[in-house]
2 protein chains.
Amino acid sequence: MPATRTSSETPGETTGARSSGELARPLAPSEGVTARSADTEDRADRHVARWRDHWIDVDFDDEIEAITVRIGLISKFFDDARAAAASEVGLADFEYKTLHMLMIRDTPGHASPTALAKDLDISPAGMTGRLDSMEKAGWVRRTASVEDRRKISVEATKAGIEIWRRAMDLRGEAETRLLETLSPERRTELAALLKQLTLRIEDE
Amino acid sequence: MPATRTSSETPGETTGARSSGELARPLAPSEGVTARSADTEDRADRHVARWRDHWIDVDFDDEIEAITVRIGLISKFFDDARAAAASEVGLADFEYKTLHMLMIRDTPGHASPTALAKDLDISPAGMTGRLDSMEKAGWVRRTASVEDRRKISVEATKAGIEIWRRAMDLRGEAETRLLETLSPERRTELAALLKQLTLRIEDE
DNA sequence: GACGAATAGTTCGCCAGCGAAGTAGCTTCC
DNA sequence: GGAAGCTACTTCGCTGGCGAACTATTCGTC
């Protein structure tokens, strides 16, 4: 347990972990941050500022807090974009997610219900429900395996693949639109920094 | 609509948008990426590689795809950490989220149900349900307003505040543990890059 | 000062997902 | 070769959330 963040009631005692200082920091050391991004507050900045006002006895590193908030905001943006893309073409969010997972796996277009459930982080029971409604809608098909009659293969239908592709294109547009805010060099930097974190996560 | 990503069936026609090339890129141009992070694949790398193998006719920028996948993974890590912290102290995930939103707002500890529902991105009906069960559990209290009898104020109880603080400390530990993977300078870089994106999002 | 519109919150019926229990089929091993 | 145990999927009852009415109160306007 590093970074012991006690609920101590000693207000002024936590200066050590704090980052530089007031809200509009002088300018990040990393070269070439645009003026706009340096002196304009985003929601994360405002959150941290409010936090400092009201919960002065909580020992938080401002920058870590800001990063987690921003990751959450960006992730929400992607989630919303995905949901919007799905509904645009007439898919429920869960239908898109299921089709997507089905298509991007190493055996594109078919999988066992259990494997799919694991990938989607839902229970086997939930998977059954999804497949029931999606089979009825015509996006997937269940076919029994011959060599092991317990096994079932879920396959995307032609219609399912088609509609998924349309939703995916819309979704990709939104993602691209956002990330083109950054220059290619910046994107490479960002990708590398994020990768350090995902590798850490995969190490458990 | 930038980045027209059609569902065209012309496989080799999309080379323009691709980033550098094979999976293990020579090494990102950004200074000082650790060796480990440059030559080890993470889940996003594997996803992109598989993608390229199976969906060669889809026009994706590898790096943009990798970034979105990584943001998703990191966000999921934070979500899981939050849920684990909540259950550790005996709170349902939705209870923690509600208490948290109640406490971090500019009027810490109390708010109207509608305002809270908006912040939490759930419906008014859902809010009523949450408050019913949380009031029964003793984490919040509903008090009627005097000057406008339609209005209700939701307030966190002492017990609610206490248990929220305990969960939050646990959650913060997990976040700190992950982000300490990066040096303070790297964290500053990351925060700045992410801020460019959140500012863009806030611009709509 | 009274009637219509707007607002705050609750109630109702529905749906997606979960956990636990149930069923069916394969595998192992004596 | 058959009983025990594992695996794959389904069924059932419950819960959190949504959207759409509904109730109560205030505001706006003439």
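What you are looking at is a predicted structure, and each value in this text was computed from that prediction instead of being measured. Quick note on labels: first sequence line is chain A, next is B, and so on, each numbered from 1.
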key: Rounded interatomic separation in angstrom, taking CG from A:Leu120 and C1' from C:dG17   = 12 Å

request  = Write down the distance between CD1 (A:Ile122) and P (D:dC9), rounded to a whole number of angstrom.
outcome  = 13 Å

query = Starting at the 5' end of DNA chain C, which residue's closest nucleotide do you reach first, A:Val146 or A:Ser123?
reply = A:Ser123

ask   = Are B:Lys136 and B:Asp132 within salt-bridge range, i.e. N to O under 4.0 Å?
value = no

request  = Evaluate the side-chain proximity of A:Asp45 to A:Arg70: yes if any heavy-atom separation is below 4.5 Å, no if none is.
outcome  = yes

message = Would you say CZ of B:Arg142 has more than 12 non-hydrogen atoms from neighbouring residues, nucleotides or ligands within 6.0 angstrom?
response = yes

inquiry  = Side chains of B:Leu178 and B:Phe78, heavy atoms from C-beta outward: is any pair under 4.5 Å?
reply    = yes

request  = Just call it for B:Asp93: base, sugar-phosphate, or nothing, with non-hydrogen atoms closer than 4.0 Å on any strand.
outcome  = nothing

Side-chain touch A:Leu170/A:Arg166, heavy atoms, less than 4.5 angstrom = no

inquiry  = I need a per-nucleotide contact map over nucleotides 3-16 of chain C, read 5' to 3'. Cutoff is protein heavy atoms under 4.0 Å; write B for the base, S for backbone only, - otherwise.
reply    = ----BSSBB-----

inquiry  = With a sphere of 6.0 Å drawn around CZ of A:Arg105, does it hold more than 12 non-hydrogen atoms of other residues, nucleotides or ligands?
reply    = yes

